[in-house]
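Letters A, B, ... mirror the listed sequences (proteins, then strands); counts begin at 1. Every value quoted in this text rests on a predicted model; they were computed, and no experiment measured them.
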Amino acid sequence: MTNQAGTYIEQLKDNVGKQVKLAGWLYNSRSSGKVQFLIIRDGTGLCQCVVEKGKVPDDVFEQLRHLGQESSLAVTGLVRADERSVGGYELAVTAAEVIGRTEGYPITPKSHGVDFLMRHRHLHFRSQRQWCIGRVRHTVIDAIRRFFNDNGYVLIDTPIFTTIVGEDQTSLFEVDYFGEPLHLTQTGQLYLESAAMSFGRVYCFGPTFRAEKSKTRRHLTEFWMVEPEVAFIDLDGLLELAENFVSYIVARVLADNRSELETLGSDIESLEKMTPPFYRLTYTEAVEILTGQRTVDFMAEQLRQLRDQRQRAKGGIAELEQQLTGSLKQWKRDKIAAELIELRADLAETNTKIENNPKHAELAAGFRWGKDLGGSDETIISQMHDKPVFVTHYPKDAKAFYMKTDRADEKVALNFDLLAPAGFGEIIGGSVREDDHDRLLARIKQEGLNPETYAWYLDLRKYGSVPHGGFGLGVERTVAWITAEKHIRQCIPFPRMMDKVYI
RNA sequence: UCCCCGAUAGCUCAACCGGUAGAGCGAGCGGCUGUUAACCGCUAGGUUGUAGGUUCGAGCCCUACUCGGGGAGCCA
């Protein structure tokens, strides 16, 4: 079967003045009696198709007038540039053919709740926002592969069924593997280390599974992670690699998906500043900031701004309510009622932030050296910076057994997290790996892990051990940060969350 | 596992002190030759999450449960 469309919407700019045929779905339509405006999407973009009475057969005009949202159709017409149209081009329709009629499409052009949209995920894809995010995700993944492929890295596919524990036993999904318990991978890193001793620079890229009982906007039980691993590298080398890598991804999205970012409301100006070097803080410095006056002031200022915001919202609501008590035309009342709903939703969100602010301030102030940084602590640090922040040298006891101890300060590990700016939080975690056989063995025992299971991993330290390290970047968190999407469940096609799989 | 919030029309939300449940969008019909989540008129659409309780009377108060949202811990 040949493509029924002669032309895709993204090609319209090269076809001005020509007659073309488009095939797509009816995204929205407006009618003005003798002229109709059909917004059609075809996967490559949106196009306004203008249907004038008399320019098409009367029965076709009538059929289009009653066509439901998301009906599929093919339209033929003349391409012309018009500032008033989405995308700047429109089609003056001369012929149209309905392919699949639709009645009662559930997702309307008005707002919907998260749960409703998730239950209609298979249809939600068609919405503008999801379409934009999907295209950004595509670019992010392509940029990830290109960066490593162009810089001498070899792709290694690490297993999804694993016999080893990377992070924490409790966060693993167990599967019955012909009667034997195995686990779904939570990192490819350990396997990757063995590959790094062969190829030097390697990376793995695939789905990762974590059974953490986390119900937050930055958690999924199944997510995609890319992990490079490099032989003969130190912590500074890793930080440099990570900042070049992240900067490259952002630059690619800015180059390939600018209009999507605009539609999504991303902060393009701020993304353009994402160039090396990023900020560097040690964990100890981060703790000093969190427990110091700077954070007290910062949180107080934030609270003040939130309260202002709340006051403004309340004032707006009161004013609108006052207006409603007067005598008004019905349409005016309705309009005010709609505005009230929006203001109340904003107010509720602001109230939640106000409620959380003191809790987070308290958590930060009460932070003691030795704990891992909490989500809210990361948020505070990242909110204080306009570029990503590396936090390095965490207490080794709070970190995984494979991380190398800093020989200059045995209390800390040679590791780092990368926090995306403006409150997005952690998108990368990485470290230099412990390359001393006896130290690693001791840590494995200390964690209560079985050294026999890790015999092969210990072998890597017996035969030509070298300093090496790597990191993992979460794809969905990166996409969420770049697209300014609040929840990472919107950044993966079919999200799997704690206790919740929709379709 | 813990803390906070919520559940009312297909969807998003109103309903003052407890007194017969209302809008917008969507659907259907009609009007309008440049609309931008178009607009205007009409029509249809409800066992207020479930089970109890208090009351002359419960969407509203009380108890339990179910489901959903946000956050903590943990993490990419």
Side-chain angles (χ1 to χ4, degrees), chain A residues 27-39 46 48 50-55 65-66 68-69 82-86 90 103-120 128 166-168 170-171 186-187 208-227 321 324-325 330-331 333-342 344-345 348-349 351-353 355-356 359-360 362-363 371-379 398 400 417-418 420 425-430 471-478 480 486-488 498-500:
Chain A
Y27 189 68
N28 199 5
S29 66
R30 290 178 282 273
S31 153
S32 197
K34 298 205 172 61
V35 60
Q36 297 175 48
F37 302 94
L38 310 179
I39 310 295
L46 293 176
Q48 173 162 284
V50 184
V51 189
E52 287 182 53
K53 186 136 189 164
K55 300 278 176 70
R65 212 160 66 82
H66 295 280
Q69 189 193 345
D82 193 311
E83 295 249 321
R84 294 169 292 189
S85 281
V86 248
E90 63 180 22
E103 274 171 35
Y105 184 69
I107 303 178
T108 67
K110 290 282 173 177
S111 62
H112 297 276
V114 174
D115 187 52
F116 177 81
L117 290 174
M118 280 298 164
R119 279 186 281 111
H120 294 83
Q128 227 2 228
E167 305 285 337
D168 173 22
T170 58
S171 67
Q186 57 179 184
T187 169
T208 296
F209 307 89
R210 304 261 168 108
E212 290 153 10
K213 300 264 188 200
S214 301
K215 237 177 73 173
T216 82
R217 62 181 58 179
R218 24 181 193 235
H219 284 89
L220 295 169
T221 52
E222 175 183 313
F223 63 96
W224 282 65
M225 180 162 72
V226 58
E227 298 173 271
E321 281 173 343
L324 279 179
T325 60
Q330 189 58 42
W331 71 269
R333 304 190 83 86
D334 296 344
K335 202 143 235 172
I336 291 172
E339 280 173 44
L340 269 173
I341 285 170
E342 251 177 70
R344 284 186 179 126
E349 201 175 316
N351 276 332
T352 306
K353 284 181 186 162
E355 207 176 296
N356 282 334
K359 290 184 201 163
H360 292 171
E362 201 184 318
L363 280 169
K371 284 195 305 177
D372 208 344
L373 287 183
S376 58
D377 304 318
E378 287 180 353
T379 304
D417 283 351
L418 179 63
E426 184 177 350
I427 57 171
I428 284 182
F471 59 82
L473 171 123
V475 168
E476 291 76 18
R477 287 186 179 181
T478 304
K486 285 201 185 96
H487 204 301
I488 67 170
M498 171 194 159
D499 293 338
K500 191 129 202 82

Contact nearer the 5' end of RNA chain B, comparing A:Val475 with A:Gly113: A:Gly113
Answer yes or no: is there a side-chain heavy-atom contact under 4.5 Å between A:Arg218 and A:Thr379? yes
A:Asp417 CG to B:A76 P, straight-line distance once rounded to whole Å: 7 Å
Quote, to the nearest angstrom, the P distance that separates B:G10 from B:U47. 8 Å
I need the CD-C1' distance between A:Glu378 and B:A76, as an integer number of Å. 10 Å
Nearest whole angstrom, please: distance from the C1' of B:U12 to the CG of A:Leu117. 11 Å
Listed pairs, N/O of protein and of nucleotides 3-7 of chain B, under 3.5 Å:
residue	atom	partner	partner atom	Å
B:C4	O2'	A:Glu355	OE2	3.2

Could you grab the distance from atom CD1 of A:Ile488 to atom CZ of A:Arg217, nearest 0.5 Å is fine? 11.0 Å
Do A:Gln128 and A:Leu46 come within less than 4.5 Å of each other through their side chains, counting heavy atoms only? yes
Glycosidic conformation of B:C65, syn or anti, with 90° from 0 as the boundary? anti
Roughly how many Å apart are B:C61 and B:C5, using the P atom of each and rounding to a whole number? 13 Å
A:Gly430 backbone acceptor or donor facing A:Glu227 side chain under 3.5 Å: no
Separation of the C1' atoms in B:G19 and B:G6, to the nearest angstrom: 26 Å
Given side chains that start at C-beta, do those of A:Val50 and A:Phe37 come closer than 4.5 Å, heavy atoms only? yes
What's A:Ile427 touching, base or sugar-phosphate or nothing? Going by heavy atoms closer than 4.0 Å. sugar-phosphate
Separation of B:G68 atom P from A:His487 atom NE2, nearest Å, is 13 Å
Any strand is fair game: report the nucleotide pairing with B:U1 by Watson-Crick or G-U wobble, both distances under 3.5 Å, or none. B:A72
Write down the partner of B:U66 under the Watson-Crick or G-U wobble criteria, each distance required to be under 3.5 Å. B:A7
Using Watson-Crick or G-U wobble geometry with both distances under 3.5 Å, which nucleotide pairs with B:G22? B:C13
In this structure, how many angstroms lie between the P atom of B:G71 and the CG atom of A:Asp377, rounded? 15 Å
Return the value, rounded to whole Å, for the distance between atom NZ of A:Lys371 and atom C1' of B:C75. 15 Å
So which nucleotide does B:A27 pair with, by the Watson-Crick or G-U wobble rule with both distances under 3.5 Å? B:U43
Pairs under 3.5 angstrom, nitrogen or oxygen only, protein versus nucleotides 25-35 of chain B, please.
residue	atom	partner	partner atom	Å
B:C29	OP2	A:His66	ND1	3.4
B:C32	N3	A:Ser31	O	3.4
B:C32	N3	A:Gly33	N	3.3
B:C32	N4	A:Ser31	OG	3.1
B:C32	N4	A:Gly33	N	3.2
B:G34	O2'	A:Arg84	NH1	2.9
B:G34	O6	A:Arg80	NH2	2.7
B:G34	N1	A:Glu90	OE2	2.9
B:G34	N2	A:Gln48	NE2	3.2
B:G34	N2	A:Glu90	OE1	2.7
B:U35	O2'	A:Arg30	NE	3.1
B:U35	O2	A:Arg30	NE	2.7
B:U35	O2	A:Arg30	NH2	3.1
B:U35	O2	A:Gln48	OE1	3.4
B:U35	N3	A:Gln48	OE1	2.9
B:U35	N3	A:Gln48	NE2	3.0
B:U35	O4	A:Gln48	NE2	2.8

What integer number of Å spans the C1' atoms of B:A64 and B:G26? 37 Å
May I ask you to test the A:His219-A:Arg477 pair for a side-chain heavy-atom distance under 4.5 Å? yes
Roughly how many Å apart are B:A14 and B:G24, using the C1' atom of each and rounding to a whole number? 11 Å
Evaluate the side-chain contact (heavy atoms from CB on, under 4.5 Å) criterion for residues A:Glu476 and A:Leu220: first the C-alpha distance (whole Å), next the side-chain angles of each, then the deciding distance (0.1 Å), finally the verdict. CA-CA 9 Å; A:Glu476 291 76 18; A:Leu220 295 169; 3.8 Å; yes
Please assess A:His487 against A:Val114 for the test side-chain contact (heavy atoms from CB on, under 4.5 Å), listing each intermediate value before the final yes or no. CA-CA 10 Å; A:His487 204 301; A:Val114 174; over 6 Å; no
If only side-chain N and O atoms of A:Arg217 are considered, is one of them under 4.0 Å from the OP1 or OP2 phosphate oxygen of B:G71? yes
Checking base pairs now: Watson-Crick or wobble, both atom distances under 3.5 Å. What partners B:U33? none
Using the side-chain contact (heavy atoms from CB on, under 4.5 Å) rule, take A:Arg30 and A:Ile39 through it: C-alpha gap first, then chi angles, then the decisive distance, then the call. CA-CA 8 Å; A:Arg30 290 178 282 273; A:Ile39 310 295; 3.7 Å; yes
Quick one: look up who B:G59 pairs with, Watson-Crick or G-U, both distances under 3.5 Å, and put none if it's unpaired. none
From CG of A:Asp372 over to P of B:G73, roughly how many Å is that when rounded to an integer? 10 Å
Residue pair A:Asp417 / A:Glu378, side-chain heavy-atom distance below 4.5 Å: yes
Return the value, rounded to whole Å, for the distance between atom CD of A:Glu227 and atom P of B:C75. 15 Å
Identify whether any heavy atom of A:Phe116 sits under 4.0 Å from a base atom; if not, whether one sits that close to sugar-phosphate; answer base, sugar-phosphate or nothing. sugar-phosphate
Is the number of heavy atoms from other residues, nucleotides or ligands within 6.0 Å of NZ (A:Lys55) greater than 12? no
Examine the base of B:C74 for any acceptor or donor lying under 3.5 Å from a partner atom in the side chain of A:Arg218, and report the outcome as yes or no. no
NA contact type, A:Glu222, heavy-atom cut-off 4.0 Å: base, sugar-phosphate, or nothing? nothing
Pick base, sugar-phosphate or nothing for A:His219, based on heavy-atom distances below 4.0 Å to the nucleic acid. base
Can you tell me, in whole Å, how much space there is between the P of B:G49 and that of B:C60? 8 Å
So which one's nearest nucleotide on RNA chain B is more toward 5', A:Pro106 or A:Gly375? A:Pro106
Are A:Gln36 and A:Ser29 linked by a side-chain donor-acceptor pair shorter than 3.5 Å? no
Taking the C1' atom in each of B:U43 and B:C16, what is the distance between them to the nearest angstrom? 31 Å
What distance, rounded to whole Å, do you find between the two C1' atoms, one in B:C39 and one in B:U66? 43 Å
